[in-house]
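Quick notes on the structure that follows.
Any value given below was found using the heavy atoms of this structure, including those in side chains, with hydrogens, waters and symmetry copies removed. All values reported here derive from a predicted model rather than from experimental measurement.
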Amino acid sequence: ANVAIFVQVDPDRQSLKKVCAQVSLIFDALKTEGVHLDFGSETTTEWTLPSRNASLRVVEAAGTEEAAKKQGRGATYQRVHITELAFYAFAEAFLNGILETVAAPEYGTEIVIESTPNGVGGAGAAYYRLFMNAARAGYRAHFYPWFEQKEYRTALAEGETVTPETDRERHLVRRFNISQEQLKWYRAKVAEKGQDLVDQEYPSDPQTCFLSSGRRYFDKARTTELLLGASDPVHSEDVGREGSQGVLRIWKDPTPGDQYLVTIDPSEGVGGDPGVAGVFNRRTGEHVATLSGQFST
């Protein structure tokens, strides 16, 4: 197996050094457990096992768009791990080349892409698009909220009770059923870092996570408030035909006799950002359904 770990380019090559140190730590730990790997060559960024025709390399993503387009061309990998993709300067060009170097999963291959979000546009756009469309692209999306980590909780003093005080805290308790110990930890973290950084570094859901990072046009506080007040759709279904695919989410079924307004943003219909159609009840003003996806005009 040829394995490659790709990291972002940054000053003093800190990302490269950090990942290489982590890989070295893994190999050192294996030695202490009696697992001795007969490396043919071993450098700070590359390890080879000639007896198994295997190699592992840690590689920086290209620093220019032209180089990103060519990166990996001609290579064949069985495992690729891309870390912090949302911070790659030329993520789209990089992905276009690298993903073609890995055969289909039925051949035992694997691609892992992970990152802290960096907004929905700009440098973070490629990661956001891939995460939101993971299933259609043949991937499985994983999201890890802060409250799944057992250490993110603070013990209560004897007789202490912690109850929600803000809309955000009430949302966490209502939707995710977090404990009083978790709420105490979360409240202290917000006091320490501020809500914006907590939303980015300790996210509770993908929407808030992406919203809190990157450059924003709409006011974050107001948008977050609206998101927290939103309910899950009654049902969702994949819709479309050849060349046009999307998801229809319905919050309320049609009421006979009512009129509905459909607002459409086709996003030029060229396959970039998703096109969206919102359905509103004209009598009540309620937002009752949304169609989003890639559709030709």
Would you call the rings of W185 and Y152 parallel, tilted or perpendicular if under 30° counts as parallel and over 60° as perpendicular?
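Rings of W185 and Y152: parallel, as their planes differ by under 30°.
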Are the charged groups of [X] and [Y] less than 4.0 angstrom apart, N to O?
X    : Y    : result
R170 : E165 : no
R174 : D167 : no
K193 : E201 : no
D10  : K17  : no
E237 : R249 : no
K189 : E192 : yes

Output yes when a side-chain donor or acceptor of [X] lies under 3.5 Å from a complementary backbone atom of [Y], and no otherwise.
X    : Y    : answer
K184 : L156 : no
N96  : E92  : no
T43  : E46  : yes
N281 : G285 : no
Q182 : S179 : yes
T48  : P50  : no
Q245 : R241 : yes
D265 : V276 : no

Find the distance between [atom1] ([X]) and [atom2] ([Y]) and round it off to the nearest 0.5 Å.
X    : Y    : atom1 : atom2 : answer
I82  : I111 : CD1   : CD1   : 7.0 Å
R187 : R168 : CZ    : CZ    : 13.5 Å
F6   : I98  : CZ    : CD1   : 3.5 Å
N2   : L56  : CG    : CG    : 10.0 Å
I5   : C20  : CD1   : SG    : 8.0 Å
E181 : E160 : CD    : CD    : 9.0 Å

When you look at V58 and V7, which way does the side chain to side chain contact (heavy atoms under 4.5 Å, CB included) test go after all the steps?
CA-CA 7 Å; V58 183; V7 302; 4.2 Å; yes
Donor-acceptor list for residues 65-76 side chains, cut-off 3.5 Å, not counting sequence neighbours:
residue : atom : partner : partner atom : Å
Q71     : OE1  : A62     : N            : 2.9
Q71     : NE2  : E60     : O            : 2.9
R73     : NE   : K69     : O            : 3.0

Connected via hydrophobic side-chain network under 4.5 Å: [X] and [Y]:
X    : Y    : result
V102 : V3   : no
L37  : L25  : no
L197 : L172 : no
I264 : L248 : no
V247 : V262 : no

Give the intermediate values and the outcome of side chain to side chain contact (heavy atoms under 4.5 Å, CB included) for residues D28 and I26.
CA-CA 5 Å; D28 289 342; I26 292 171; over 6 Å; no
Determine whether the aromatic ring centres of residues [Y] and [X] are separated by less than 6.0 angstrom.
X    : Y    : answer
W146 : F176 : no
F147 : Y186 : no
F87  : Y127 : no

Nearest heavy-atom pair of [X] and [Y]: which atoms, and what distance?
X    : Y    : result
P145 : S204 : CB-O, 3.7 Å
L130 : Y139 : CD1-CE1, 4.2 Å
V80  : Y77  : CG2-CB, 3.6 Å
T163 : E169 : O-OE1, 4.1 Å
A104 : T109 : O-OG1, 3.0 Å
A29  : T32  : O-OG1, 2.6 Å

Contact check, side chains of [X] and [Y], non-hydrogen atoms, under 4.5 Å:
X    : Y    : answer
P203 : Y144 : no
K252 : E286 : yes
S236 : I250 : no
L85  : L95  : yes
V59  : T45  : no
W251 : T290 : yes
V19  : S15  : no
Y128 : P117 : no

Show the numbers, then the answer: is there a side chain to side chain contact (heavy atoms under 4.5 Å, CB included) between D253 and H235?
CA-CA 10 Å; D253 289 324; H235 55 267; 3.4 Å; yes
State, without any angle test, whether T83 and E114 hold a side-chain donor-acceptor pair at a distance under 3.5 Å.
yes
Report the C-alpha separation of W47 and S24 in whole Å, then their side-chain angles, then the decisive distance to 0.1 Å, and conclude whether the side chain to side chain contact (heavy atoms under 4.5 Å, CB included) test is met.
CA-CA 10 Å; W47 299 259; S24 294; 3.7 Å; yes
Hey, is CG on D38 packed in by over 12 heavy atoms from elsewhere, all under 6.0 Å?
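Counting neighbours around CG of D38, 12 or fewer heavy atoms of other residues, nucleotides or ligands fall under 6.0 Å, so no.
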For E151, look at atom CD and say whether over 12 heavy atoms of other residues, nucleotides or ligands are found less than 6.0 Å away.
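More than 12 within 6.0 Å, yes.
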